[in-house]
Structure formats: structure tokens, C-alpha cells
Amino acid sequence: MDGGPFDYPHGGAAMTSETKTERYAPGTIEPKWQAHWASTGLDATPDDSDKPNYYFVTMFPYPSGDMHIGHWYAMAPSDCEARYIRMKGHNVLFPMGFDAFGINAENAAIDRGIHPAAWTDKNMAHWREQFRSLGASIDWRREVVTCYPEYYRWNQWMFLKFLEKGLAYRATAPVNWCPRDETVLANEQVINGLCERCDTPVVKKDLTQWFYKITAYADELLRFDGLDWPERVRVMQQNWIGRSEGAEIQFPVEGHRDAAIRFFTTRPDTIYGATFMVLAPEHPLVPAITVPAQKAAMDAYVATARTESEIERTSAERPKTGVDTGAFATNVFSGQRIPIWIADYVLASYGTGAIMAVPAHDERDFAFAKANGLPIKEVISADGEEHAGLEAAYTGPGRMVRSGPYSGTPSEVGKRTIASEAKKTGIGTPSVTYRLRDWLISRQRYWGTPIPVVYCDTDGIVPVPEDQLPVVLPRDVQLTGRGGSPLAKVDAFVNTTCPKCGGPAKRETDTMDTFVDSSWYVYRYPDPKIDSFFMNVDVAKKWLPVRRYTGGIEHAILHLLYARFVCKALRDLGYLWFDEPFLHLRNQGTIVFKSRKMSKSRGNVVAPDEYVARYGADTLRLFIMFMGPWTEGNDWDASGIEGTWRFLNRVWGIGLGERTSSGTRDAELDRAVQRTIKKVTDDLEGYRFNTAIAAMMELSTAIFHAAGPSRDGATDALVLLLAPFAPHIAEELWERRGGTGSVHRQAWPAYDASAAKDAVVTVVAQVNGKVRDRLELPAGTGEEALKRAALASAKVVQAIGGKPVDRVIVVADKLVNVVTER
RNA sequence: GCCGGCGUACUCCAAUGGUUAGAGAGAGCCGCUUUAAGAGCGGUCAAGUGCGGGUUCGAGUCCCGCCGCCGGCACCA
């Protein structure tokens, strides 16, 4: 392989035998059309058009390193869909931008001494080129870049609005801390106890941080009314939100008149079986109630719990450990005096951080009771009888036993009865708890949006006034990756004056989680230049909400949940007129290499460039879409790319063939065209690119072997069908075949369902499910006629062998099954 | 452990409950073509659908129980 920048595998010869034609040279035609489309503004979408507007967004990337095959896998099929919808007659806005803040830029600065801004700019420039080389039909005039002050000032503005509305707040809480990135993380960014970014085990730290009150929308976020979203994403979000119904009840602590322990339970019906209580080690009452004799043991246990990583603490397999506080509570239902323990299997962050332990009916409490010799009392019985000596916790339903006046009550009824009884006596209330936590948005990192508040000795926390936004991220900063927020070391940034009293004040030095940036970017695309508001309402009204959204399944919870929350919050603030940002969502599966997720750190990244150089972007686009169902993902294996290359060469050869108007039409080819149009259309509606391409391959083979006028029409249709998939070759052939304008401005071919059908069909004649004969009959033959025809078949008669016919099943145009008595 | 998804030729994948499981592609093999070729054309080999039951006139497809792989959740009270 030598010569120019483009070396083709094997000549790419055109295939018509009699005429020598020019070979297919994507290296020439692809850059030519890319430049042409850019200069003629083909992808620049007008806000007003005679066609209906259609807003189609695919998730914007984080411009770290280069585009790899995984990004093509996300992008090429989305671009194909956007082009298809355009040809279907819509004015499609298909924008792109960059999720440009993030820790990678900062790490690059630390490792290589490049400023994050410079690193990001360089990457974005490269990415734009790569998008171009892929042939993506992006309206670049609407590009959104989140690290520019024009953009992130609106993060700050929204923060102030949220603050006014009580949706943003500052609180001290045990939060997730990544020791390697030296920053806190939101719950969603902790995957199996590891930092989502760097896989470092996360630990808990008590810190004062900023939160967004996403839990205020927990119930609404559980609803997906009117949304066309994949089932699995909805289920993942529902699991994540984790709604559970129960009751919050409190038991008084003996000897502490004003202390009561509040706990949440989903099983109020088991309350008579609460033989002890357990507090989380971090529970605020622990120091107050621990008896002096237990103080030392308690301190040691709490200290250990705090240093353990989340992965250790939340492992379900580890033995249940804990320490007795020496204090007692009163189970106000059973009247019993019950000990109060602490144990790390109770989480400070869920419910109230305390539980009533019912060892007989909870596996964890059972294990803990066994390990520490605590009493186990059966209060729910499957058969309604009392038993002694439970072998294991019984967590199922049954009748209440040993439960005073409630004995005999079915447990399901008891849940409600006990909860309302607790309410009546003023010690509790029915309650709902969520697994979802508020969104921790503070980050102790540099490359993000400064949180717009100042701290004043006189006035406390003071929001930066709107007219002083943006709070610009200072450029001069020492980045070491150590020692807390980098901004804290920039005196010129930190030291400011209080907007209220004018006295000296200090700025907040944490920045925002970058998921804040991506939670609303789709509102900015319609007019990213507007500086008077976060969006241009007049223009946005023509587009929003997003009609179709595509992106990786890895964002099923993180980005998609945050974006839904921000949408609802902005709606309630009066800025948006819809409830959900993305009406229709489809997620591509993950493309892996040698069964492992592609990532730069694992060193298994596959670059598209060499394939583009060898086969062209169209072949690679096609191959990526041909590999299998897009929503499933796949293992990268380029060995089949020859197939799509051969296909495009065949299309090229066909496309350059002479037009013929003489001769008779080929009815079979005409039908094949109709069938293919229907198949490709249906498949594109369902994102089934692989089968759509297979259908086009089939058609190309049929055209190859055909001649005459039908061939011309078939080829024209094929070029149109191929346009969304392989935009460059389709454009080139469209032009060479004398088409006017761009192929991408043509109407999607329509099909005639009746013309797609064969005139004659083969109907199978079965006897007892076994095929005995085949009948060639006109399509649409009636049921009775089919039955008669089958029963007239000598082979069928022979197979029946004189046995009485029980019944005859007829499927139109398919089969007749004669069922005999046996 | 719980919840999803998937399991079909050597490989990637097709198949509204309906013909003898094959649309398409790769690999292999054979032939043709070509000055030659790693190009092109045609052909061919190859699974009875992870396992076991069931429903049905008919099951890859529906149901039940297992097994395996992938993903999500997981001491959440």
C-alpha cells in the first residue's frame, strides 16, 4: 500500500462487463461532497420552512482524545435517521456541540502542562473535522460549547433561580469522596462503590456541599406518561429512584426524655416483633445515648466504619457486626424494653438512618440477632399458628401473631392498621421513602462552572446578583491535582466584596458537576448565540421539546435523569412549557473490543481513520450499521467490512450504467423495488439498519442481473434509499445520473403496498402439519377456493388416506392444513 | 440474591405462530473470468434454533423450569 492518501483494497473496479467504467474512489468523492455541502449550507437548517420542523438530537460528546469506533457507532446511525426523516419531508434540526468541561482536561493539564482550555479547543477542532469526515449532516451554526462563559453563565443563572425556589441548598452530609480525583461525587457517579471515572473505591466524608433537590420530583420522575422510551431505561430509572411505602414511627429512648429514635419501615405489621433497634454509626444520637461503659468500643467501631470504603460497607456478604450502645428504647406497641445497637448495615443516608430490627421477618436483622444473641420473636405466621425456634427469617405475608389486639389480622391489612394507629397516637405517620438522593453538584475541581455565591462574615451566604454573571473561571491557576479546590488558591478569584454589604467576602471555590452542563443544552441549540437568556424562546418554540433523542445506554440513569429533573424544575419556574425534554429515546448498545469496553485507559480503542482511509466513510458507516441490531451493541470485528465495500462497488457499477428506455419492463424487478422501499422504510422506523442494508444488497443483486427500463427505475430508487446510509456515494451517483439538486433534498421514495405483492403465490397444502403439496395460485384466492384446491390435490388425498377430516385450517396466501381424526 | 436483555451454520446476523429455519454479510471450498491478482462473477459446504417440559392443527417464535453470557440494582429497612 503506497501512493496517495487513499489506497483501496482491490481496485474497486466497476462491474459492467462490456463498458470500462471509472472505479469507485471514495477518497476523491467524499471530501469533495463534504466541502460542497459545507459551502452550500446543505445542513444549515432554517427555522422556518414549508416543511414541519423536527428536532432530532444525539448526545453531544465529551471531546477527550479522538473519536473512536464507539463514537461512530453512536453517530452514523443517528445521522442516517436524521437524513431519513429529512427526506420524509421534515425540516430536521440536527445539531452538535461539546460537553467541554470535565476532569480529563484538568488531568491533561497536570500531566502535560497544557491549559485545559487549550487542550479542549484543540480536541474540539479535531472532533469537528472527524464529524465532517463521517459525513454527518450537522448544522454547525448552532454549535453549543459548555465551557464558554456565554454558556455556563446560564448554569449559574439557573443555580440562582433554584436557590430562590429552594431547589438548591447547602448542607453538611456524609458524601461520596473519590480519593484519587480528590473530589466529591453524586450517588449516580458511584458505580458499585467505585468512582465512575477512575474506578477508585469511594469513601464517605462529612462535607458541606451544594445540592439540587431532585428528590422533590421523585414521584414525577417515576412517571413516563406519553414518552416513547425503551422499557429497560424506564425500569433502570424506576429502580434507581426506588420508591417504598411504609411508615415513619418513633420509639422513646429510656432515660432521655427528649430523645426519640425515628425510623422508617415498610413492614409496620411486624412491629410487635421489633426486639431491638439499630442505628447507623453516623447517627447523630449515638454519642448522646451511648453509656459510658460502651464509649470506647463505640468510638472504635464508628472510627472503623468511617474509614471503610463504600464497597466494603455495603457488601451484602460480610458478617453483621455492631456494638451495643447500652441504651434502651421502648417498643410502644409491645411495651417491651429493647436494646439499641449500632451497626454498619444500617445506612445513614437512607430513611432516618435508624431501624426497628425485626429479626424474625428480616434476613439482615435475623443474621444480626443470631450473631449477637438478641431475641427473635415471631409475629407473622404463614399458617396463622404460633411457632417456636425460627430457622430463618420469614419475609412473606401471613397473619399477625403475638401482636396483642392485632393478632389474627392479615399482614397486608396490618401494615395499614398499625401505621394509622401510630398516627392516631402521635408517634408516627404513613410515609414514602426513596432510594434517590438529592443531586450533589459541588466538585472540588477547576474545569467546571464556578458556583455563583460568596461567603460574607456579616451576611453569610450571598448569591451573586444576576447582573454580575457570569462568574468567570479564572484562566491563571496552578493545577496539581492535590490539595483541594484549585480555585481556592487563586487569591484574585477568592477575594471579593459582598454584594450585600460591600465588605470583604470570599467566593465559593467549588465548581459544578459537569452533568449540570448537559442537563439543559438542548434548549440552547436553536439559538446558541443569544446572550439575553439561556434560550431564544421565540426560536425554541419552533423546535422544543426534542422529538427524537439518541445516545449511549450508559446514560440511562445519570444524564437522562438529571435532564428530566432540570426540565421539570425550569417548567415550574415558568421557563419551559413542556414536562419532558425527550419525547422519544433510543439507545445504542455498547461497542466493545475483545469483549471489553473501549477506553483510552484500557488501550483498546479502535480508530476509524484507517478504515476511512482504506474504504471511505460510506463503507464504514454502512458496515457499522450492518453489524447487527443497533440497540444491542456488538464486539468490534472488522473482518466483514469487505462485504459492505463490495456492495458499494456494485452500487457504483450499477449507478454508472447506461440508461435504457427500450425493451419491456421487468415485473419481478418492479415488485422487488416496491418491496425494498417498504422494507427499508419500515426498518428505518424501527432503527433496524442491519436488515435495511441487507434488503438493499438484495435489490442491488437483482438490478445487477436485470436489464431494460425497469433497471433504471430500480437504480434510481436504490440511490435514494441509500442516501441516508451512504450520503457521499449516493450524492455522486445522483448527480452523475442526471438528478437535479442534492439527493439529500429529494423526497423519500413512496411504495405501493399492492404493487409490492407477487401476483402468484405458493400455497402449501399440509395434512396434519406435514407438507404434502404446493399449489401455485393467484394472490388473494379466497378461503373456500383454497380449501377446495387443497382437497383436490392427489397428494393431499393420498395423505389423508380416507380418514375423516376433522377440520381444515386456511391461512390466506400461505397454507392449507387438513387435520384428520386420529 | 432481584430485575431486564440475549442464546439460530465456523463467525456476525435474518426469520407478522405457518412451506423443507436463511434475507444479507464474512470465512472456507469448487468452478468461471482475468496477462496477472489479494479484484470480479457463479456455485457450494454448513445449524434443526442452549437444555428439559408444556400449549397448539402447527413453536426458533407463546408459557413453565433450568443452564450460560451481557447489563442494571443490591445490607435501601
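Throughout, a chain's letter reflects where its sequence line sits, starting with A, and its residues are numbered from 1.
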Requested in this report: Look through every strand shown and name the nucleotide pairing with B/rU55 as Watson-Crick or G-U wobble, where both distances are under 3.5 Å.
Outcome: none

Query raised in the report: Paired with B/rU49: which nucleotide, if any, by Watson-Crick or G-U wobble criteria at under 3.5 Å for both distances?
Result: none

Query raised in the report: Roughly, in whole Å, what's the span from CZ in A/Arg621 to P in B/rA25?
Result: 21 Å

Requested in this report: Report the C-alpha separation of A/Tyr73 and A/Trp636 in whole Å, then their side-chain angles, then the decisive distance to 0.1 Å, and conclude whether the ring pair (Phe, Tyr, Trp, His ring centres under 6.0 Å) test is met.
Outcome: CA-CA 10 Å; A/Tyr73 193 71; A/Trp636 175 254; 8.7 Å; no

Query raised in the report: B/rA77 C1' sits how many Å from A/Glu245 CD, rounded?
Result: 15 Å

Query raised in the report: Who is the Watson-Crick or G-U wobble partner of B/rG22, with both distances under 3.5 Å?
Result: B/rC13

Query raised in the report: Do any side-chain nitrogens or oxygens of A/Arg650 fall under 4.0 Å of OP1 or OP2 in B/rC41?
Result: yes

Query raised in the report: Think A/Thr691 has a side-chain N or O under 4.0 angstrom from the OP1 or OP2 of B/rG24?
Result: no

Query raised in the report: Does the ring of A/Phe224 carry A/Arg564 above it, NZ/CZ under 6.0 angstrom from centre and within 45° of its axis?
Result: yes

Requested in this report: Whole angstrom is fine here: how far is it from CD in A/Gln766 over to P in B/rG17?
Outcome: 17 Å

Report summary line: Closest to the 5' end of RNA chain B, once A/Gly628 and A/Asp344 are matched to their nearest nucleotides, is A/Gly628

Query - Between P of B/rC6 and CZ of A/Arg232, the distance in whole Å - result: 10 Å

Query - Protein-nucleotide distance (A/Leu436, atom CG; B/rC76, atom P), rounded to Å - result: 17 Å

Query raised in the report: Do the side-chain N or O atoms of A/Asn634 get closer than 4.0 angstrom to the phosphate oxygens (OP1, OP2) of B/rC13?
Result: yes

Query raised in the report: What orientation do A/Tyr615 and A/Tyr611 show, parallel under 30°, tilted 30 to 60°, or perpendicular over 60°?
Result: parallel

Query - Nearest-angstrom distance from the residue atom CH2 of A/Trp645 to C1' of B/rA39 - result: 11 Å

Query raised in the report: Does a donor on one side chain and an acceptor on the other come within less than 3.5 Å for A/Gln588 and A/Thr631?
Result: no

Query raised in the report: Going by atom types alone, do A/Tyr272 and A/Asn331 pair a side-chain donor with an acceptor below 3.5 Å?
Result: no

Query raised in the report: Should we say atom CD of A/Glu554 is surrounded by more than 12 heavy atoms from elsewhere, each under 6.0 Å from it?
Result: yes

Query - Distance between P atoms of B/rC3 and B/rC10 (Å, rounded) - result: 34 Å

Query raised in the report: Which one is paired to B/rG1, where only Watson-Crick or G-U wobble pairs with both distances under 3.5 angstrom count?
Result: B/rC73

Query raised in the report: Contact class for A/Asn690 (heavy atom, under 4.0 Å): base, sugar-phosphate, or nothing?
Result: sugar-phosphate

Query - Options B/rC76, B/rG24, B/rA77, nucleotide nearest the side-chain atoms of A/Phe626 - result: B/rG24

Requested in this report: Whole angstrom is fine here: how far is it from CZ in A/Phe689 over to P in B/rG24?
Outcome: 21 Å

Query raised in the report: Can you tell which of B/rC13, B/rC73, B/rG18 lies closest to the side chain of A/Pro629?
Result: B/rC13

Requested in this report: Rounded to whole angstrom, note down the P distance from B/rA46 over to B/rA36.
Outcome: 33 Å

Query raised in the report: What nucleic acid atoms does A/Val346 come within less than 4.0 Å of, heavy atoms only: base, sugar-phosphate, or nothing?
Result: base

Requested in this report: Specify the residue among A/Ile553 and A/Gly242 whose closest nucleotide of RNA chain B lies further upstream toward the 5′ end.
Outcome: A/Ile553

Query raised in the report: Should B/rG48 be called syn or anti, with syn set as within 90° of 0?
Result: syn

Query raised in the report: Within 45° of the six-membered ring axis of A/Tyr345 and under 6.0 Å from that ring's centre, is NZ or CZ of A/Lys320 located there?
Result: yes

Requested in this report: Quick one: label A/Lys320 by what it contacts on the DNA or RNA (base, sugar-phosphate, nothing), any heavy atom closer than 4.0 Å.
Outcome: base

Report summary line: With the side chain defined as heavy atoms from C-beta on, A/Tyr350 is closest, among B/rA77, B/rC6, B/rG24, to B/rA77

**Report entry** Euclidean distance for C1', B/rC13 against B/rG7 (whole angstrom)
**Finding:** 13 Å

Query raised in the report: Of all the choices, B/rU19, B/rC73, B/rU11, which nucleotide is nearest to the side chain of A/Ile557 once you look at every atom?
Result: B/rC73

Query raised in the report: Does A/Arg646 place a side-chain N or O at less than 4.0 Å from the phosphate oxygens OP1/OP2 of B/rC41?
Result: no

Report summary line: Checking N1-N3 plus N6-O4 or O6-N4 for Watson-Crick, or N1-O2 and O6-N3 for wobble, each under 3.5 Å, the partner of B/rG7 is B/rC67

Query - Nucleotide opposite B/rG38 in a Watson-Crick or G-U pair, distances under 3.5 Å - result: none

Query - Residue A/Leu347, side-chain atoms from C-beta onward, closest of B/rC76, B/rU19, B/rG26 - result: B/rC76

Requested in this report: Tell me what A/Thr590 touches on the nucleic acid: a base, only sugar-phosphate, or nothing, going by heavy atoms under 4.0 Å.
Outcome: nothing

Requested in this report: Using whole Å, report how far CG of A/Asn239 lies from C1' of B/rC73.
Outcome: 6 Å

Query raised in the report: Is any N or O donor-acceptor pair between the side chain of A/Asn817 and the base of B/rC57 shorter than 3.5 Å?
Result: yes

Report task. Report the relative orientation of the aromatic rings in A/Phe689 and A/Phe725; use parallel for angles under 30°, tilted for 30 to 60°, perpendicular for over 60°. Result -> perpendicular

Requested in this report: Look through every strand shown and name the nucleotide pairing with B/rC29 as Watson-Crick or G-U wobble, where both distances are under 3.5 Å.
Outcome: B/rG43

Requested in this report: Verify the contact: side-chain N or O of A/Asn649 to OP1 or OP2 of B/rG40, cut-off strictly under 4.0 Å; return yes or no.
Outcome: no

Query raised in the report: OP1 or OP2 of B/rG42 sitting under 4.0 Å from any side-chain N/O of A/His705?
Result: yes

Query raised in the report: Counting side-chain heavy atoms from C-beta on, which of B/rG5, B/rC57, B/rA77 comes nearest to A/Arg807?
Result: B/rC57

